[in-house]
Amino acid sequence: MAAVIGQIEAESVPETEAPSMTDGFHLVIDAFKLNGIDTIYGLPGIPVTDLARLAQARGMRVISFRHEQNAGNAAAIAGYLTQKPGLCLTVSAPGFLNGLTALANATTNCFPMILVSGSSEREIVDLQQGDYEEMDQLNIARPHAKAAYRVLHAEDIGIGVARAIRAAVSGRPGGVYLDLPAKLLAQTMTAEAGRRSLVRVVDAAPRQLPSPESVERAIDLLKSAKRPLILLGKGAAYARADAEIRALVERSGIPYLPMSMAKGLLPDDHPQSASAARSFVLAESDVVLLIGARLNWLLSHGKGKTWGAPKRFIQVDISPTEIDSNVAIAAPVVGDIGSCVSALLEGIGASFPRPDAAWLQAVGERKSKNLEKMAATLAKDPVPMNFHSALRVLRDVVKANPSVTVVNEGANTLDYARSIIDMYEPRKRLDCGTWGIMGIGMGFAIGAAVETGKQVIAIEGDSAFGFSGMEVETICRYRLPVCIVVFNNNGVYRGTDKNPCGGEDVAPTVFVKGARYDKLIEAFGGKGYHVSTPAELERALREAIALGEPVLINAVIDEAAGTESGRLTNLNPQSAANKK
Ligand code: ADP
């Protein structure tokens, strides 16, 4: 019998011998490589250990994690940063379920990602006969993914991978599940037939041009506005139409507001940025041009007190069903952002009427007032250090190093950092996103460090860090340039809550007091810092960036600082009820 060997080696086998063979393992790897996917984020185990080994042997980068959810988050953010689907590999059943959380989050956030999981044999799963890690993974994945496929025959691997890639990146990007039963990986076929079965995906995310009428309607509405506003979302950052978006903002002269992951698409210190007057412009504007942003909970569903004066919306989005999802959209422009913004630019030409001077003046005045107020708060140096004085340091360090990627999660740590730290380059701020979840921290930090090869600063609440903290070992193992700053106030929201019964157990929101998170990274050969003043924090950050190696800074924050649920008090049923 012919030996099972990979296709590359097969080329050197003399023709007179029995036909050279390939198998499912090789075909899966070759199919991804053929499509330029060269990194796997995953966690090996039955039945995919050899897949991970072989992938590395065949030149793919394999980043191995301690928990599949973090691997999945790394893959998802890799997809967001590169426009290529990030690949996550897991074992069956529990490993798959761990990865599924990240896949669902990727789908929710419109990040392209493929979760590949090994699975048990169909025959046993379908008759529920009790297999090792038995689970009907395909059906479980379906509602949480943009698409889900299973491959049963080796000759279909090429098509299966092609479908997964196309589904992940075309139209509105999202998460795709690819189910690979263990038996498939061991199937063999001739190397020649295998090679022919693979598919190089052509134009995986085709441009989608908006209709000329929709562009005209949008421009007419924009021209009629007295108090226009442009709102940029992370779809705009993903689209990589940076120059066109900047040209549209600048040529129109309209104030703009970036959603949190769109910060830096134009530098946050741009004169037209209305971030410091956010509530004012949302309430007072009359026409709002949404580019790659949904009117979901993060924007109060486009209605209510937040939005104040009556509005008319223009919405640029690739997904036609996003239009009218919360409020009526007067001028939908459906297509890819690059094409839509180019068409809008062409339509407005060189002579777009400047917005009303009174509107620009009102926005400018509100901005100055709020910036002054914030400057006064940030100038204080309370003892112990609080969120603001610590974030002032991070703001300055990011300003001095604008190409660092900032990962940010927590409650208060997230809310304050988002408004205090200015971003200067696109796609450099990665955070809790559409679900507002905790646990993305180390996965995103690793994905960003691997994909960009540049410094990452992960600004973490102590509670948020706990969800993925074990990945500091992964960060150390691959010597990634990640500096983690843990804002340590001894608990969820703050560390001062008490057990109302006075029993032995502490309150459910309280952690071990004075915890030394810096020791955690030292256990794996990274560098730890323990700081309690802005000056110490600044020194540690500057050393970390100069070092470009794994660092964890345990930043001690006043344990009484921090509000319940951060800025989401209204979503906390008890607090909301008390307010009524
Ligand atoms: P944010 O949270 O920043 O407000 P959302 O995730 O809510 O942003 O919205 C992103 C939107 O961008 C989604 O509705 C998605 O369909 C859209 N989108 C993503 N990529 C593109 C693209 N290339 N072209 C057009 N729209 C896109």
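Nothing here was measured: the structure is a model prediction, and the numbers come from that model. One-based numbering along the sequence shown. Order of appearance sets the numbers: ligands from 1, and atoms from 1 within every ligand.
Ranking protein heavy atoms by distance to atom 16 (O) of ligand 1, first place goes to D317 OD1, 2.6 Å. The nearest protein atom to atom 25 (C) of ligand 1, hydrogens excluded, is given as I337 CG1, 3.0 Å; this is a heavy-atom distance. With hydrogens left out, the protein atom closest to atom 19 (C) of ligand 1 is G235 CA, 3.8 Å, a heavy atom. Closest protein heavy atom to atom 26 (N) of ligand 1: I318 N, 3.1 Å. With hydrogens left out, the protein atom closest to atom 7 (O) of ligand 1 is R294 NE, 2.9 Å, a heavy atom.
Atom numbering of ligand 1 starts at 1 in the shown order; those under 4.0 Å from a heavy atom of N296 are 7 (O). For ligand 1, the atoms closer than 4.0 angstrom to any heavy atom of A239 are 23 (N). For ligand 1 and Y238, the ligand atoms under 4.0 Å from any heavy atom of the residue are 20 (N). With ligand atoms numbered from 1 in the order given, ligand 1 contributes 6 (O) to contacts under 4.0 Å with heavy atoms of T434. Each of the atoms 3 (O), 4 (O) of ligand 1 lies under 4.0 Å from some heavy atom of M259.
Using cut-offs of 30° and 60° on the angle between ring planes, the pair Y256 and H270 is perpendicular. Note on ring orientation: taking the six-membered ring where Trp is involved, the planes of F111 and Y80 are tilted (angle from 30° to 60°).
Under 4.0 Å is where a charged nitrogen must lie from a carboxylate oxygen, and between R427 and D242 at least one such pair does. The pair E322-R172 counts as a salt bridge, with a side-chain nitrogen and a carboxylate oxygen less than 4.0 angstrom apart. Comment: D268 engages K263 in a salt bridge, judged by a side-chain N to carboxylate O separation of less than 4.0 angstrom.
Heavy-atom separations between G335 and ligand 1 include at least one value shorter than 4.0 Å.
Side-chain contact, K234 with T434: a donor N or O sits under 3.5 Å from an acceptor N or O.
Ligand 1 has no nitrogen or oxygen under 3.5 angstrom from a nitrogen or oxygen of L232. Ligand 1 has no N or O atom lying under 3.5 Å from any N or O atom of N109, backbone or side chain. An N or O contact shorter than 3.5 Å links K234 to ligand 1 by distance. Checked by distance only, ligand 1 and R172 come closer than 3.5 Å through their nitrogen or oxygen atoms.
Judged by distance alone, with hydrogens and angles left aside, the side-chain atoms of E244 form no donor-acceptor pair with the main-chain N or O of G338 at under 3.5 Å. With hydrogens and angles ignored, the 3.5 Å screen pairs a side-chain donor or acceptor of R251 with a backbone N or O of G349. With hydrogens and angles disregarded, a donor-acceptor distance shorter than 3.5 Å links the side chain of T107 to the backbone of H144.
Nearest to atom 9 (O) of ligand 1 by heavy-atom distance, out of G233, C340, G292, is G292.
At least one side-chain heavy atom of L282 sits less than 4.5 Å from a side-chain heavy atom of L229.
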